[in-house]
2 protein chains.
Amino acid sequence: MKPRENLDTIHAAALEVFADYGFKKATLEDIAAALGMTKANLYRYARNKRDLYENTVRWALLRWQARVGEAIAGERDVERQFRVMCRKAVEYLSGDAHLSRLLMRDPEIFPMFAEQDPYADINRASMAMIRRILERGIAEGRFRTVDLASVPEILFSIYKMFIIRMYIRTKDRPLDSMFAQTVELLCRGLVLPEPPGGPAGEPQASRRRP
Amino acid sequence: MKPRENLDTIHAAALEVFADYGFKKATLEDIAAALGMTKANLYRYARNKRDLYENTVRWALLRWQARVGEAIAGERDVERQFRVMCRKAVEYLSGDAHLSRLLMRDPEIFPMFAEQDPYADINRASMAMIRRILERGIAEGRFRTVDLASVPEILFSIYKMFIIRMYIRTKDRPLDSMFAQTVELLCRGLVLPEPPGGPAGEPQASRRRP
DNA sequence: TCATTAGTGAACAAAATATTCATTTGTTCA
DNA sequence: TGAACAAATGAATATTTTGTTCACTAATGA
């Protein structure tokens with residue numbers, strides 16, 4: 001038998017099937033068929049159906065997180081870093097058709113909205129990333145000294161933007177402008193009015209109304 | 001109990017559920033729940049699940065057909081009538097979210113493509129409408145004397161346009177221009193080069209390349 | 001060769017689901 | 001009012017699905 005390189009193939013297939021049918025209606029045989037193998041073999045990769053599901057979501061969320069991380073790695077200026085983080089987070093989340101469909105389909109498991117979030121650790125990682133940006137912004141004197149307890153709220157905003165984007169996708173609303181406005185609002189609470197002498201990073205164009 | 005007016009409500013709900021899950025994964029309980037009643041009661045309106053499915057598709061297709069019929073009823077000029085028929089047929093077919101999703105989901109039952117089409121009668125009605133237009137066009141001297149055996153092929157073209165439109169919907173391709181081109185091609189085979197003295201209807205703008 | 005990993009087929013208990021039917025709940029109208 | 005009728009239900013049943021296990025086979029690598 002051809003050895004299967006890694007779990008990625010299984011997770012990718014499972015993600016698609018779960019996104020198509022939701023947890024309940026998706027069957028292990030659907031997933032196995034998509035992979036060209038029998039359902040019994042799936043038990044080598046997950047203890048049971050629920051496990052396969054959670055592992056899959058976890059895998060997809062981590063991939064999403066990693067992409068956002070890469071996107072902001074190149075940014076030198078904190079303000080830009082913050083903006084890119086917000087934009088990319090929503091972009092990738094709604095861009096990955098399967099992940100977004102999955103998150104919309106089984107709302108009871110949507111991170112941060114479930115009674116007890118099975119993906120709390122992943123959200124924690126996201127929040128750590130946000131916190132790092134805030135801390136750096138504050139240290140560089142670019143951001144106000146905000147309470148770091150507001151970090152979860154920023155992540156929450158991002159999810160909210162994603163949901164809105166998903167639900168109104170069919171209509172051709174000027175969503176991106178609405179989205180930009182939200183990011184703008186977040187920034188206005190963060191970024192200091194005018195950096196006195198120009199700090200570490202080169203002066204970024206930060207459109208702000210007078 | 002409140003008496004239920006007619007079958008429309010049941011069919012509408014069934015259409016939505018079947019479109020969401022496909023025939024196999026949709027359960028009678030899903031449909032009943034959507035209607036706020038118990039599945040047992042569904043058997044008052046259809047002999048079994050398959051029956052409910054076929055009745056529902058039939059109902060949706062007939063509604064679609066009726067709308068196209070209304071749309072062309074107002075047109076005086078045959079050429080315009082033909083164009084409107086093509087355009088509206090695809091528009092309504094892909095516009096009715098549930099119907100289109102349903103037709104895409106269970107391809108084996110897609111009219112004209114199934115081994116033995118359970119909706120042959122409805123297609124026949126559509127073809128009768130097309131034939132009436134052709135006959136009128138020929139009688140008025142606006143159309144070439146085409147073989148009426150080509151009627152099914154025109155209906156087939158319409159379905160084909162619909163399918164393409166559905167599959168590429170996500171990408172923002174200039175679909176409507178592609179679509180218009182197809183109609184143009186159909187027309188070019190039909191409409192006579194130049195009506196000598198101007199026939200019954202007022203002269204319609206029929207964009208044709210030299 | 002042996003050890004290890006990947007995969008299968010059959011079997012089974014539990015759950016889901018289509019279908020039936022006797023009964024209940026409203027509605028209509030004499 | 002109450003008889004006749006239609007709409008809907010709850011429970012029961014027969015049949016499939018489906019999640020899960022396990023003994024067993026096939027391929028790979030050293």
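Hydrogens, waters and symmetry mates are skipped; everything else that's a heavy atom, side chains included, is used. Proteins get letters first, then strands, A, B, ... in listed order; numbering begins at 1 in each.
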B:Glu29 CD to D:dT9 C1', in whole Å, measures 13 Å

Check this for me, if you would: do A:Lys88 and A:Glu91 make a salt bridge, where the nitrogen-to-carboxylate-oxygen distance has to be below 4.0 angstrom?
yes

Tell me the interatomic distance from A:Leu42, atom CG, to C:dG7, atom P, rounded to whole angstroms.
10 Å

Please compare B:Leu28 and A:Lys39 by the position of their nearest nucleotide in DNA chain C and report the one closer to 5'.
A:Lys39

Quick check on C:dG7: is either OP1 or OP2 less than 4.0 Å from any side-chain nitrogen or oxygen of A:Tyr45?
yes

Look at the side chain of A:Thr38 and decide which nucleotide, out of C:dG9, D:dT18, D:dT20, has an atom nearest to it.
C:dG9

Rounded to the nearest Å, what distance is computed from the CG atom of residue A:Asn48 to the P atom of nucleotide C:dA15?
14 Å

Rounded to the nearest 0.5 angstrom, the CG-CH2 distance for A:Leu7 and A:Trp59 is 10.0 Å

Atom pair distance, as rounded to whole Å: CZ in A:Arg47 and P in D:dG19
18 Å

Give one of base, sugar-phosphate or nothing for B:Ala46, where a contact means two heavy atoms less than 4.0 Å apart.
nothing

From OH of B:Tyr43 over to C1' of D:dT9, roughly how many Å is that when rounded to an integer?
15 Å

Kindly assign one of parallel, tilted or perpendicular to the pair A:Phe18 and A:Tyr53, based on the angle between their ring planes and the thresholds 30° and 60°.
perpendicular

Side-chain atoms of B:Ala40 come closest, of D:dT20, D:dT21, D:dA11, to D:dA11

Over how many whole Å does the gap from A:Met37 atom CE to D:dA26 atom C1' extend?
16 Å

Whole-Å gap separating P (D:dC5) and CZ (B:Arg44)
14 Å

Identify the heavy atoms of A:Arg136 and A:Glu75 that sit nearest to each other, and give their distance.
NH1-O, 4.2 Å

Whole angstrom is fine here: how far is it from CG in A:Asn41 over to C1' in D:dC22?
14 Å

Here the gap from A:Arg67 atom CZ to A:Leu93 atom CG, rounded to the nearest 0.5 Å, amounts to 10.5 Å

Of the options C:dG9, C:dT19, C:dT5, whose atoms approach the side-chain atoms of B:Lys49 most closely?
C:dT19

So what does A:Ala32 hit on the nucleic acid, given a heavy-atom distance under 4.0 Å: a base, only sugar-phosphate, or nothing?
nothing

Would you call B:Ile10 and B:Met37 a side-chain contact if the rule is heavy atoms closer than 4.5 Å?
yes

Dot-bracket pairing map - DNA chain C, Watson-Crick plus G-U, both contacts under 3.5 Å, | cross-strand:
||||||||||||||||||||||||||||||

For residues 25-44 of chain A, which residue pairs qualify under salt bridge (Lys or Arg N to Asp or Glu O under 4.0 Å), counting only residues two or more places apart or in two chains?
A:Lys25-B:Asp30, A:Glu29-A:Lys39, A:Asp30-B:Lys25

